[in-house]
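In what follows, chains are A, B, ... by sequence order, proteins preceding strands, each numbered from 1. This is a predicted model, so every value here is computed, not measured.
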There are 2 protein chains.
Amino acid sequence: MRKVLLVDDEKRMLDLLALYLQPHNYECMKASDANEALQLLEEKSFDLVLLDIMMPGMDGWELCKEIRNMSDIPIIMVTAREQKADIIKGLKLGADDYIIKPFNEDELLARMEALLRRQAPTHAIEWNGLRWDEIKYELTYQGRSIKLTPKEFAMIGLLMKNPNQVFERERLIELIWGFESETGGRTVDSHVRNIRDKIRQSGFPIDDHFITVWGIGYKWIHAPHG
Amino acid sequence: MRKVLLVDDEKRMLDLLALYLQPHNYECMKASDANEALQLLEEKSFDLVLLDIMMPGMDGWELCKEIRNMSDIPIIMVTAREQKADIIKGLKLGADDYIIKPFNEDELLARMEALLRRQAPTHAIEWNGLRWDEIKYELTYQGRSIKLTPKEFAMIGLLMKNPNQVFERERLIELIWGFESETGGRTVDSHVRNIRDKIRQSGFPIDDHFITVWGIGYKWIHAPHG
DNA sequence: ATAAATTGTCAAGATATATTGTAGTCTTTA
DNA sequence: TAAAGACTACAATATATCTTGACAATTTAT
């Protein structure tokens, strides 16, 4: 379920967009001005922003700049006027794409997915009954909880959220312990072992998924190497 | 200097595009049909493809699919008709963006730069189904994994990323082992042998691509000597 | 055709890395 | 403040990789 922030001063437009996107597996939140949008962006996490550039108060350009200032979230501008200069301005301010109103809804969807294909943040992820949930702060297999320590939880979450991607020990330390950490590389191995032990006891075939990449580090894969 | 491949059946269009892009620090190469385009893509490396979808013979869709099959290079489709369905089709085939002819040249430039801005340095390369992926730390042929050791993986990646370029043994040692390495030249041969063995077993015609340059070293070529 | 030079092959020893066992130290919790 | 839990470290063992040298095969030059 991808989360989208809709920003438009017309309530009707917000409703229409939400009505269209929800069946396509998008969770929508609405903001009718720039301040509201910024506040939501700070509080929640979104996967994409759909931004109408014609708004009262701080306009779309300003908001676009502001958003780009604080994150790399994909932005699609919605514009009522087909004015090339405006579009260029938006793209230069950091928007990733634009669409002209009134627009074909399928095209909007295609463009959103083209953008999202490049990134996919998640707060929960499940594979073959093994579920990692950051909000519940819990790892479960077939509904039964597997008790993990904070480091263990962070590590398996990182790997599950980035399947197939190899993480070197140094990189794991940076991402889980923090950049200034003095922790040694062998320590990572210890945590790996503990994670494997605990999950193995649950019955989940952890050794098919949590893979050692010899000479490099570790990664999560979706299927045993065939 | 970014390299762009222009694909269009109209010579005049190719010239116009090149004339416009060159002053903006783009090196342009031209192809007037799909085969020519594919050949250039095999021989050279590009940062972006500008692709007219209306062409004789293999059409733009087919070419787009073909390109996406072998690389992740950004593709902008150029279309004469403002037909929404076509645009969606293109995006779903893997194009990254489109622009409608006749177009504002500034907009084209803005779109090109928007795409290039989010393009990371090449971490993966594929040829004829043989895919080297640094993030997955994995070499696959037709989806099946070929297990390599770190040195082997580094070497084939280096060669594949620099097709047609000969690397002397000394140079390979510098680049893979590091400048201070005391490793002897014969060692390179051993790794080469192991790489060839492993890849040959996968079914990929490695001996057509991984070439010994007698008296010098090794290189990767895209097609058998011809 | 022959010799010289270069590359290919192989397997064993040397080296490097990962796993596991054990234990000490630090942090959190009750 | 004591106990439990979490984190880190070290050492022993297991496993995988790298290197090397001798010889075979191939290519090149005469």
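Backbone-only contact: B/I216 has heavy atoms under 4.0 Å from sugar-phosphate atoms and none from a base. In this structure, B/Y218 reaches the sugar-phosphate backbone alone: every heavy-atom distance under 4.0 Å involves primed, P, OP1 or OP2 atoms, never a base.
If you take CD1 of B/I176 and P of D/dT19, they are 11 Å apart, rounded to a whole angstrom. Remark: P of C/dA18 and CG of A/D207 are 16 Å apart, rounded to the nearest angstrom. For the pair A/R169 CZ and C/dA18 C1', the interatomic distance rounds to 7 Å; values are reported in whole Å. Here the P atom of nucleotide D/dC18 and the CG atom of B/D197 are 15 Å apart, to the nearest Å. Rounded to a whole Å, the CG atom of B/L172 is 13 Å from the P atom of D/dT19. B/I195 has its CD1 atom 14 Å from the C1' atom of C/dG8, to the nearest Å.
Not a single side-chain hydrogen bond (donor to acceptor under 3.5 Å, both in side chains) links A/Q201 to another residue, sequence neighbours left out. Listed by chain and number, the residues in a salt bridge (charged side-chain N to carboxylate O under 4.0 Å, His left out) with B/E168 amount to none (sequence neighbours excluded). Among residues two or more places apart in sequence or in another chain, the salt bridge (charged side-chain N to carboxylate O under 4.0 Å, His left out) test is passed with B/K30 by B/D15. Checked against salt bridge (charged side-chain N to carboxylate O under 4.0 Å, His left out), B/D197 has the following partners two or more places apart in sequence or in another chain: B/R193, B/R200. In terms of the side-chain hydrogen bond (donor to acceptor under 3.5 Å, both in side chains) criterion, residue partners of A/D133 (sequence neighbours excluded) are, by chain and number, A/R131. With sequence neighbours left out, the side chain to side chain contact (heavy atoms under 4.5 Å, CB included) criterion links B/N162 to B/L158, B/Q165, B/F167. Under the ring-ring contact (aromatic ring centres under 6.0 Å, His included) criterion, B/Y26 pairs with no residue at all, not counting sequence neighbours. Taking B/R196 as the reference, nothing meets the salt bridge (charged side-chain N to carboxylate O under 4.0 Å, His left out) condition, with sequence neighbours excluded.
Formation of a donor-acceptor pair under 3.5 Å by the B/D47 side chain with backbone atoms of B/K3 is found in this model.
Across its full length, the helix from C/dA1-D/dT30 to C/dA30-D/dT1 shows an angle of 40° between the axes of its 5 terminal pairs at either end, rounded to 10 degrees.
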Tabulate protein N/O versus nucleotide N/O from nucleotides 23-30 of chain D, keeping only pairs under 3.5 Å, one per line.
none

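Between B/R111 and B/D96 there is no salt bridge, since no side-chain N of the basic residue sits under 4.0 Å from a carboxylate O of the acidic one.
The salt bridge (charged side-chain N to carboxylate O under 4.0 Å, His left out) pairs that include a residue from residues 141-160 of chain A are A/E152-A/K198, where partners are two or more places apart or lie in different chains.
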Going 5' to 3' through nucleotides 5-14 of chain D, assign each nucleotide B (protein heavy atom under 4.0 Å from a base atom), S (under 4.0 Å only from sugar-phosphate atoms) or - (no protein heavy atom that close). -SSBB-----
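Remark: B/R196 is in phosphate contact with C/dG8, judged by side-chain N or O atoms under 4.0 Å from OP1 or OP2.
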